[in-house]
Amino acid sequence: MCSVAAVVRALVDVSEKAANIARLCRENGDIFELLVEEKSKDEANPRFVRDFKTLADVLIQEMVRHDIGQVFPDMKDNIRGEESSTFTNTLGETITVEVCDSLEETANLLEKVLNGNKLVADLLAAEVHRDIKTDEGQCIEDLGGEIVACDVGIWVDPIDATAEYVQGKERPTVVPNIVASGLRCVTILLGVYEIESGRPIVGVINQPFHMEKESGGGYSGKIYWGVAMDGLKRSNIPPREGEAAGRKKVAILSSAENKKYIYYLRDTLGYSIVFSAGAGHKILKLILGDADLYLVSTGSTYKWDTCGPQAILRALGGGLINLQETIDTKSVIELSYTKSSGKCNIGGVLGFRTHTQLMEFSKLL
């Protein structure tokens, strides 16, 4: 058994270490040029003409597995992620990326990935082995409850919106607090789920590029977390009801969304349609109250995209449901994370923040 507070604190801290790695890689141009690799055909998301994985993706995923496994050994075998742990350097050598027992060993392995670039390897290894403690830990301490470590799994999306991470070109929208693209769409997503029931119970979203620093360059991040267990629903999400009440309803979608849903939401239900990148970012906008509905009608999102955000939404009284299954059965079918549910959210996803909103969304179903 382990306390809920210990699990949340560990996930928050490891998410910030992941954010440090992401920022280091992205803000150092010489490093970044070395790290980008196009995904193989088998790995790529079919929605995109090109998809990327970076050493930052792979390294963050393996760092999460290592660090959480050190604190909670019974969880390690049930930590799953988006990326394979292999990376191919420019010499054509395929190397399995892992976090070793010592900083020196990790640096030596990364040096092989980076074609002998010791400086960059040492910088990355130092971040991987750095001890990180965030200020968030202070408000987590009073969380009650316990988790049986061997009964839960963790989905990891090390860098959601990788294309935005690679390109870094921001396009604002006409809606306050929402951007269409760019580094602010990048998120790190961690979600704990019950293996037997498939329910997401703890979620952490780290936004590494939340805001540009006023001096000294670079970015500062922001961390969001939530817990949704029987008798325990807590989060650090600030209330937004008053501010949201004065604006038009917003539906946040992908620009590739089916036109029939766009027209129905806009013309029949009266939503203002906003297009934005990154599944994690779009659901975060729903979580924060900047949007009222999240919709993707195809199976283009995966368990690593939704597990953490769904747990936070559940903590707020909202959720993510399987769009097609809900239409077919005429009952609300939440996304599940059992082994039989697979990796892909086949059938699409509909997200809501409150049950009042869900009642209106039922018009769509």
Side-chain angles (χ1 to χ4, degrees), residues 14 17-67 69 76-77 79-130 155-169 183 185-189 208-209 277-279 300 302-305 343-344:
V14 82
K17 184 187 287 191
N20 286 341
I21 294 170
R23 285 188 289 262
L24 172 66
C25 292
R26 191 62 183 78
E27 292 170 2
N28 187 313
D30 292 336
I31 295 178
F32 193 67
E33 288 299 318
L34 295 171
L35 302 189
V36 180
E37 179 188 68
E38 188 166 0
K39 289 186 180 180
S40 70
K41 184 178 180 181
D42 292 339
E43 292 178 297
N45 187 327
R47 270 193 53 217
F48 303 108
V49 177
R50 297 185 70 190
D51 202 350
F52 296 90
K53 73 176 178 181
T54 66
L55 179 56
D57 270 302
V58 180
L59 187 58
I60 287 170
Q61 182 173 288
E62 296 310 305
M63 180 273 294
V64 171
R65 182 177 284 115
H66 173 270
D67 283 19
K76 187 170 185 177
D77 290 342
I79 300 175
R80 308 167 71 188
E82 176 184 8
E83 302 293 348
S84 71
S85 60
T86 60
F87 199 89
T88 305
N89 65 17
T90 57
L91 300 177
E93 299 171 323
T94 299
I95 296 135
T96 299
V97 176
E98 61 180 345
V99 177
C100 304
D101 291 336
S102 71
L103 186 153
E104 290 74 21
E105 289 174 300
T106 301
N108 289 338
L109 184 146
L110 293 176
E111 192 175 337
K112 293 178 182 177
V113 177
L114 297 166
N115 312 318
N117 191 319
K118 180 174 172 52
L119 175 61
V120 172
D122 287 346
L123 285 171
L124 291 173
E127 289 299 329
V128 167
H129 286 272
R130 190 185 303 279
W155 272 114
V156 180
D157 193 342
I159 295 180
D160 186 57
T162 311
E164 303 304 315
Y165 181 68
V166 171
Q167 296 164 12
K169 297 178 181 178
L183 289 174
C185 295
V186 174
T187 53
I188 294 161
L189 309 173
F209 306 98
S300 58
Y302 295 82
K303 302 304 182 185
W304 51 77
D305 293 315
K343 295 181 178 180
C344 180

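Owing to the predicted nature of the structure, the values given are computational and were not obtained by experimental measurement.
- The main-chain N or O of R65 is never found under 3.5 Å from a side-chain atom of K76 such that the two would form a donor-acceptor pair.
- One finds the OG1 atom of T106 at 11.5 Å from the CE atom of M63 (value rounded to the nearest 0.5 Å).
- Nearest heavy-atom pair, C100 versus H66, reported as atom, atom and distance to 0.1 Å: O-NE2, 4.1 Å.
- In this structure the side chain of Y302 never reaches within 4.5 angstrom of the side chain of W155, judged on heavy atoms.
- Rounding to the nearest 0.5 Å gives a distance of 12.5 Å between CD1 of I188 and NZ of K17.
- Partner of V113 under the side-chain contact (heavy atoms from CB on, under 4.5 Å) criterion, out of L55, V58, V120, L124: L55 alone.
- By the salt bridge (Lys or Arg N to Asp or Glu O under 4.0 Å) test, D122 is found to be paired with K118, residues two or more places apart in sequence or in another chain being considered.
- Under the 4.5 Å side-chain criterion, counting only non-hydrogen atoms from C-beta, H129 is in contact with V99.
- The minimum heavy-atom distance between P208 and A19, with the atom names listed, is CB-CB, 3.9 Å.
- At most 12 heavy atoms of other shown residues, nucleotides or ligands fall within 6.0 angstrom of atom NZ in K112.
- Here CD of E82 is found 10.0 Å from CD1 of I159. Values are rounded to the nearest 0.5 Å.
- Between A56 and C25, the shortest heavy-atom contact is CB-SG, 3.9 Å.
- A donor-acceptor pair under 3.5 Å is absent between the side-chain atoms of E83 and the main chain of D57, judged by distance alone.
- In this structure, OG in S102 is found 8.0 Å from CG in N108, a value given to the nearest 0.5 Å.
- Applying the salt bridge (Lys or Arg N to Asp or Glu O under 4.0 Å) criterion to R130, with sequence neighbours excluded, gives E127.
- Between L59 atom CG and E98 atom CD the span is 11.0 Å, to the nearest 0.5 Å.
- Of all heavy-atom pairs between A121 and A107, the closest is CB-O, 3.5 Å.
- Here the closest heavy-atom approach between residue I21 and residue Y165 is recorded as O-OH, 4.5 Å.
- Taking CZ of F209 as the reference point, atom CD of E164 lies at 12.0 Å (rounded to 0.5 Å).
- Residues L109 and T96 share a closest heavy-atom pair of CD1-O, 3.7 Å.
- Side-chain contact check for R80 versus K303: every heavy-atom pair is 4.5 Å or farther apart.
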